[in-house]
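What follows is a set of notes on a single structure, which appears directly below.
Computed from a prediction, not measured in an experiment: that's the story for all the values here. Ligands are counted one by one from 1 in listed order, and the atoms in each one are counted from 1 as well.
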Amino acid sequence: MAHNIDASNAMTIKLESILDELPDMPQFIDDIRRAPKRHFSLSKSDTVLALKNALRYIPEYWHDMLAPEFLDELLTRGRIYGYRFRPPGKITGHPIDIYKGQSVEGRALQVMVDNNLDFDIALYPYELVTYGETGQVCQNWMQYLLIKRYLEELTREQTLVVSSGHPLGLFASSPDAPRVIITNGLMVGMFDDQENWHRAAALGVANYGQMTAGGWMYIGPQGIVHGTYSTLLNAARRKFGMSSEGDLTGHLFVSSGLGGMSGAQGKSVEIARGVGIIAEVDDSRIQTRHNQGWVSKIVDTPAKAFLLAKEYQKDKSSIAIAFYGNIVDLLEYAVKNNIPIDLLSDQTSCHVAYDGGYCPKGLTFEQRTDMLKTDHNGFKKMVDISLRRHYELIKTLVRRGTYFFDYGNSFLKAVFDAGVTEICKNGRDAMDGFVFPSYVEDIMGPMMFDYGYGPFRWVCLTGKPEDLEKTDQAAMSCIDPERRFQDKDNYTWIRDAKKNRLVVGTQARILYQDALGRMKIALKFNDMVRKGDIGPVMLGRDHHDTGGTDSPFRETANIKDGSNIMAEMAIQCFAGNASRGMSMVSLHNGGGVGIGKAINGGFGLILDGSDLVDNIIRRAITWDVMGGVARRAWAGNKNAIETSIAFNQDDPELNHITLPFIPDEAMIEKLVSDSLDKN
Ligand SMILES: NC(=O)c1ccc[n+]([C@@H]2O[C@H](COP(=O)([O-])OP(=O)(O)OC[C@H]3O[C@@H](n4cnc5c(N)ncnc54)[C@H](O)[C@@H]3O)[C@@H](O)[C@H]2O)c1
């Protein structure tokens, strides 16, 4: 039988080879946010298993010392993070040249991992949470150290496999295979629920990757600003019949959340030239956004918030106001005082409402954190009461003319879970959707994803602002603003991107593009790298895209052929990207809507100026987008059918999408009614 010493001798990549001695416990900096205690309900035997699992990373001679420490973390924090193994001080995405490595991909991915854990970027950096309350890069600091070392060793003949944060190892592959394959939180169907999830996460065998946290492609709140900006403009186009030239001047948008993604709301409404009030219960997050210039004013009463908003609306100038308090209190005031709100949404982390994502009315943020630790059931009851009241207020405002949309945070589902069945279209369950639209159903789906427009992004790996500026200019030159209104919005966005000071962390840019646009831009960037105009670039996208995510309450909310409960698109997208040689591919369970409610995937592609990468761009980027458009076309989505027809005609030698014939609905309905009525 093999002993621990045999295992140790058989590994060159292990904590012992990374660390000379057991590191000291790190000093926690006071004003860095800490994750609340996670739900913990392991049995005694499972607690033993969790400890054994965590100690698998640790050489045997440290077991006696670390076992009690890990147990303490598990009992007080609900998870074993292995804090001791966190490198001291600030982690940040350095320029690529600083990193050691055998391949440009290995070094580039280290930049991305570290950027996701930057104090200025990550929501709970000590707990490896990047955003979305629970979205982690990996589960613990032992995994982090090993992943970093594996990336240093990774050659172009190998692939690193990461399962829920655990680096399974390096396996022989080839230069045109992915360098890293990541999966997060994928569970076998019958266990794919919240309860089993909590157990698996506490046991240390499941990581909640959200989307770009566990997929190492998060680029700070900028990543979501463009989507939010486009969503707000298009919401106004729907609600006020605003022209494609118009903006939000004089209009009021109200929402909640200044966290990881929600933090983009203030900036977006300002760029769209409107007035925004964003409620946030956590003062530290307000301060972060204020320091970044992403909200301009902070107020502590609803009265002050609405008064200030009114002044700016009258002046036709834009402002983002942070209201320090609960969104429910803000809306109570608006309803009571009959204040008109044009656009209304919510971006609390309702996909994990009971785990701290939604702070109920009546609790401060600090009280919420305490109660999560001491009285989880009581907390749950308060969340339900608050959500029910929240819904009543929205109903009243909508009756008075407000346009409310769910922002993909599972808000409507959370209200339903709180016991409000009237929120369902069929008054019974969520199968037919909800009475209010989701932003994807009404806006993002038909106006963006069905054409293939999605959150394309890149990181200039040298860390040089001048590289980013050159890529901004190059991307702008690839867009024809006269082609479609979306192109016009995207052109304006990239033209003004530098001026809008969007960068937090690495020199990154988000730019919504369709398949053609992404390919043109990617080829151009790769050529610039080849010529030495810029250093290497990491291309990627949010998983929240045309083809990357199956999620009936969000990305695929406007798929109406019944296939919205299927998860085949995301998996085929992942497999197709892997087989076409994307540098990194990832596939996750959950994302922004919660475990069991979505499967989502993403990619990273490192532009090194090579011909090989040109070929990957031509095949993989087209597939990544058009696979999603094809599925949307087959579901009968009008704009996706038009996009697919043009695609089939564009390069018939290589591409061919199966298109649907759409029957006359009235004829079918009559046939079915006549037939069923007769029987
Ligand atoms: N922006 C987008 O385009 C987008 C897209 C998809 C999903 N989402 C969803 O939006 C949600 C938010 O994402 P995030 O990354 O910002 O999460 P986050 O947890 O970082 O931020 C949410 C914020 O809401 C605050 N909050 C909670 N309850 C509140 C209340 N009652 N009143 C006022 N503030 C309250 C929290 O303090 C926190 O700062 C997630 O569910 C995410 O999946 C956003």
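Of all atoms in ligand 1, numbered sequentially from 1 with element shown, those under 4.0 Å from a heavy atom of Gly357 are 27 (C), 28 (N). If you number the atoms of ligand 1 from 1 as listed, the ones under 4.0 Å from a heavy atom of Thr348 come out as 11 (C), 24 (O), 26 (N), 27 (C), 28 (N), 29 (C), 30 (C), 35 (C), 41 (O). Less than 4.0 angstrom separates some heavy atom of Tyr439 from each of these atoms of ligand 1: 5 (C), 6 (C). Proximity to Gly592 (heavy-atom distance under 4.0 Å) selects the following atoms of ligand 1: 41 (O), 43 (O). Atoms of ligand 1 found under 4.0 Å from any heavy atom of Gly260, numbered from 1 in the order shown, are 14 (P), 15 (O), 16 (O), 18 (P), 20 (O). Taking a cut-off of under 4.0 Å to the non-hydrogen atoms of Gly257, the atoms of ligand 1 that pass are 23 (C), 24 (O).
In this structure, Gly227 does not count as a contact residue of ligand 1, since none of its heavy atoms falls inside 4.0 Å of the ligand. At least one heavy atom of Ala279 lies less than 4.0 angstrom from ligand 1. In this structure, Gly325 has a heavy atom closer than 4.0 Å to ligand 1.
If you look at Asn326 next to ligand 1, the close heavy atoms, those under 4.0 Å, come from the backbone and the side chain alike. Heavy atoms from both the backbone and the side chain of Tyr407 come within less than 4.0 Å of ligand 1. Proximity of Met261 to ligand 1, defined as any heavy-atom pair under 4.0 Å, is shared by backbone and side chain alike.
Considering backbone and side-chain atoms alike, His544 places every N or O at 3.5 Å or more from each N or O of ligand 1. Of the N or O atoms in Ser256, none lie within a sub-3.5 Å distance of an N or O in ligand 1. Between Val593 and ligand 1, a contact under 3.5 Å exists for no N or O pair. Considering backbone and side-chain N/O atoms, Leu258 never comes within less than 3.5 Å of an N/O atom of ligand 1.
What sits closest to atom 28 (N) of ligand 1 on the protein, heavy atoms only, is Cys359 N, 2.9 Å. Among protein heavy atoms, the minimum distance from atom 2 (C) of ligand 1 is reached at Ile224 CG1, 3.3 Å.
When Arg554, Glu280, Arg33, Met211 are ranked by how near their heavy atoms come to atom 23 (C) of ligand 1, first place goes to Glu280. Comparing Leu330, Val225, Asp282, Asn409 against atom 9 (C) of ligand 1, the shortest heavy-atom distance belongs to Asn409. The option with the heavy atom closest to atom 17 (O) of ligand 1, from among Ser438, Gly259, Ser349, Pro360, is Ser349.
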(request) May I have the step-by-step check of side-chain hydrogen bond (donor to acceptor under 3.5 Å, both in side chains) for Asp550 and Asn600, ending in yes or no? (result) CA-CA 6 Å; Asp550 283 300; Asn600 62 84; over 6 Å; no

(request) Start with the C-alpha distance between Arg33 and Ser284, add both sets of side-chain angles, then the distance that settles side-chain hydrogen bond (donor to acceptor under 3.5 Å, both in side chains), and finish with yes or no. (result) CA-CA 8 Å; Arg33 282 178 297 273; Ser284 79; 3.2 Å; yes

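Taking the ring centre of Phe411 as origin, the terminal cationic atom of Arg554 falls outside the region bounded by 6.0 Å and 45° from the ring axis.
Judged purely by distance below 3.5 Å, without hydrogens or angles, the side chains of Arg34 and Thr369 never pair a donor atom with an acceptor atom.
Salt-bridge check for Lys90 with Asp118: passed, with a basic side-chain N closer than 4.0 Å to an acidic carboxylate O.
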